[in-house]
Undergrad: 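Mind having a look at this structure? Questions to follow.
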Number of protein chains: 2
Amino acid sequence: MELRPLDSCSTCPVEFAMNMISGKWKLLILYNLMTDGTVRFNELQRRLDTVTHRTLTRQLRELESDELINRTIYAEVPPRVEYSLTDKGKSLTSILLSLQNWGLEHMVE
Amino acid sequence: MELRPLDSCSTCPVEFAMNMISGKWKLLILYNLMTDGTVRFNELQRRLDTVTHRTLTRQLRELESDELINRTIYAEVPPRVEYSLTDKGKSLTSILLSLQNWGLEHMVE
DNA sequence: CAGGATCCGCAAAGATACTG
DNA sequence: CAGTATCTTTGCGGATCCTG
């Protein structure tokens, strides 16, 4: 596949994709869901380690409104909320792999 | 290739790659150099259309310090400065294609 | 032509406190 | 447990003016 001309920025597929994954914690969230399938809110927060409660919530809401993740609420006490990838979210794996491959080849360890 | 575990964020290849291309105009700059080879400063500014002189300079400096682009200065009057991709910069094409493919498949036109 | 210097605005992220 | 409400911070990008 070749690089296409970028007619207009508002319809640029590259920018469209970048907007989905731009966000300090988004790729880390997606990565965790890719490898583990389903993760609860607090478990996710533990794994991201330094993320604040507030910020994690926001990032999850954005991913959800972009239809990259599912949010499942269980009517229990204490409450349980589980996050998982949608098919659209799963399809981002190709981008993550592409980024990872490039990083592995060009990072000085 | 499989997704690797993300041991530590400071050594995460995905984050390393993202840091290279995060910047409002960077992918657009790289795209222009990928398709045209060598471009002068003002020509680049015309193509990005709404970018300011100041901001374009900063983005170019960052790309240069990341060794993604070459900056060639010709000792002429008026001055001439040309930008082109390094091999490292050219290798980003795979990421751009990956982003573009995803965007084309998931954008509603 | 291709910058540098200064100042400013804004959106994203963090800190902290409170809650069903 | 999984949020929401406020407030503050910060850093990127923009606006403007000056120069070899």
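Residue numbers begin at 1 in each chain, while the letters A, B, ... track the order of the sequences.
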Undergrad: Specify the separation, in whole Å, of atom CG of A/Asn19 and atom P of C/dA12.
TA: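 Taking atom P of C/dA12 as the reference, CG of A/Asn19 is at 11 Å.
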Undergrad: Is the shortest heavy-atom distance from the side chain of B/Thr72 to the side chain of B/Thr38 under 4.5 Å?
TA: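 B/Thr72 does not reach B/Thr38 side chain to side chain.
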Undergrad: Expressed as a whole number of angstroms, how long is the span from B/Arg40:CZ to C/dA2:C1'?
TA: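 Answer to the nearest Å: 9 Å.
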Undergrad: Given axes from five pairs at either end, by how many degrees does the helix from C/dC1-D/dG20 to C/dG20-D/dC1 bend, rounded to 10°?
TA: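 What I find for the helix from C/dC1-D/dG20 to C/dG20-D/dC1 is an axis angle of 50°.
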Undergrad: As a test of reading the structure: which of C/dG14, C/dA2, D/dG13 is closest to the side chain of A/Thr52, going by heavy atoms?
TA: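 For the A/Thr52 side chain, the nearest candidate turns out to be C/dG14.
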Undergrad: DNA chain C: A/Thr50 or B/Pro79, which has the more 5' nearest nucleotide?
TA: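 Taking each residue's closest nucleotide, the earlier one in sequence belongs to B/Pro79.
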Undergrad: What about A/Arg61, does its side chain sit under 3.5 Å from the base of D/dT4 through a donor-acceptor pair?
TA: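 It does not, because no donor-acceptor pair links the side chain of A/Arg61 to the base of D/dT4 below 3.5 Å.
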Undergrad: With a 4.0 Å limit, can you tell me whether B/Thr55 has a side-chain N or O closer than that to the phosphate oxygens OP1/OP2 of D/dG14?
TA: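 Checking D/dG14 against B/Thr55, a side-chain N or O does come within under 4.0 Å of OP1 or OP2.
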Undergrad: If I take atom CD1 in residue A/Ile73 and atom C1' in nucleotide C/dG20, what distance separates them, rounded to the nearest angstrom?
TA: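 For the pair A/Ile73 CD1 and C/dG20 C1', the rounded distance is 13 Å.
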Undergrad: Rounded to whole Å, how long is the line connecting atom CD of A/Glu62 with atom C1' of C/dA12?
TA: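 That distance rounds to 9 Å.
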Undergrad: Is B/Arg54 near enough to D/dA15 that one of its side-chain N or O atoms lies under 4.0 angstrom from OP1 or OP2?
TA: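 Indeed not, no polar side-chain atom of B/Arg54 lies that close.
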Undergrad: Taking side chain as C-beta onward, heavy atoms only, is B/Leu60 less than 4.5 Å from B/Trp25?
TA: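 A side-chain contact under 4.5 Å is absent here.
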Undergrad: Nearest-Å distance, CG (A/Leu60) to P (D/dT4)?
TA: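 It is 11 Å, rounded to the nearest whole Å.
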Undergrad: Nearest whole angstrom, please: distance from the C1' of C/dG3 to the CZ of B/Arg80.
TA: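 B/Arg80 atom CZ is separated from C/dG3 atom C1' by 17 Å.
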Undergrad: To the nearest Å, give me how far apart CG (B/Asn42) and C1' (C/dG3) are.
TA: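 After rounding, the reported distance stands at 10 Å.
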Undergrad: Between B/Glu43 and B/Arg46, does any NZ, NE, NH1 or NH2 come within less than 4.0 Å of an OD or OE carboxylate oxygen?
TA: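 Yes, this pair counts.
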Undergrad: Does A/Arg80 qualify as a cation-pi partner of A/Tyr74, given the criterion of NZ or CZ under 6.0 Å from the six-membered ring centre and within 45 degrees of its axis?
TA: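 Satisfied, under 6.0 Å and within 45°.
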Undergrad: Does the side chain of B/Ile29 reach to within under 4.5 Å of the side chain of B/Val39, using non-hydrogen atoms?
TA: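 In short, these two side chains do not touch, never coming nearer than 4.5 Å.
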Undergrad: Using a heavy-atom cut-off of under 4.0 Å over every strand shown, decide if A/Glu76 touches base, sugar-phosphate, or nothing.
TA: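 No contact.
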Undergrad: Please report the distance, rounded to the nearest Å, between NZ in A/Lys24 and P in C/dA15.
TA: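 Whole-Å distance recorded here is 9 Å.
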Undergrad: Report the C-alpha separation of B/Arg47 and B/Asp36 in whole Å, then their side-chain angles, then the decisive distance to 0.1 Å, and conclude whether the salt bridge (Lys or Arg N to Asp or Glu O under 4.0 Å) test is met.
TA: CA-CA 12 Å; B/Arg47 298 199 199 169; B/Asp36 284 30; 2.7 Å; yes
Undergrad: Keeping the roles fixed (side chain from A/Thr57, backbone from A/His53), state whether a donor-acceptor pair exists under 3.5 Å.
TA: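 Confirmed, A/Thr57 side chain pairs with A/His53 backbone.
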Undergrad: Map B/His53 and B/Arg58 onto DNA chain D by nearest heavy atom, then report which one ends up closer to the 5' terminus.
TA: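 Comparing both residues, the 5'-ward one is B/Arg58.
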Undergrad: Would you please say whether a donor-acceptor pair under 3.5 Å links the side chains of A/Ser91 and B/Trp102?
TA: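 There is such a pair (donor and acceptor under 3.5 Å, judged by atom type) between the side chains of A/Ser91 and B/Trp102.
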Undergrad: Does A/Arg71 have a side-chain nitrogen or oxygen under 4.0 Å from the phosphate oxygens OP1 or OP2 of D/dG3?
TA: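 So the side-chain polar atoms of A/Arg71 do come within 4.0 Å of the phosphate oxygens OP1 or OP2 of D/dG3, strictly under.
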Undergrad: Given that A/Pro78 and A/Thr57 both sit by DNA chain D, which one's nearest nucleotide is further toward the 5' end?
TA: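 Whichever sits nearer the 5' end wins; that is A/Pro78.
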Undergrad: Categorize B/Gln45 for me: base, sugar-phosphate, or nothing, with a 4.0 angstrom heavy-atom threshold over every strand shown.
TA: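 No contact.
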Undergrad: Students often get this wrong, so: under 4.0 angstrom with heavy atoms, is A/Tyr83 touching a base, only sugar-phosphate, or nothing?
TA: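 Sugar-phosphate, backbone atoms only, no base.
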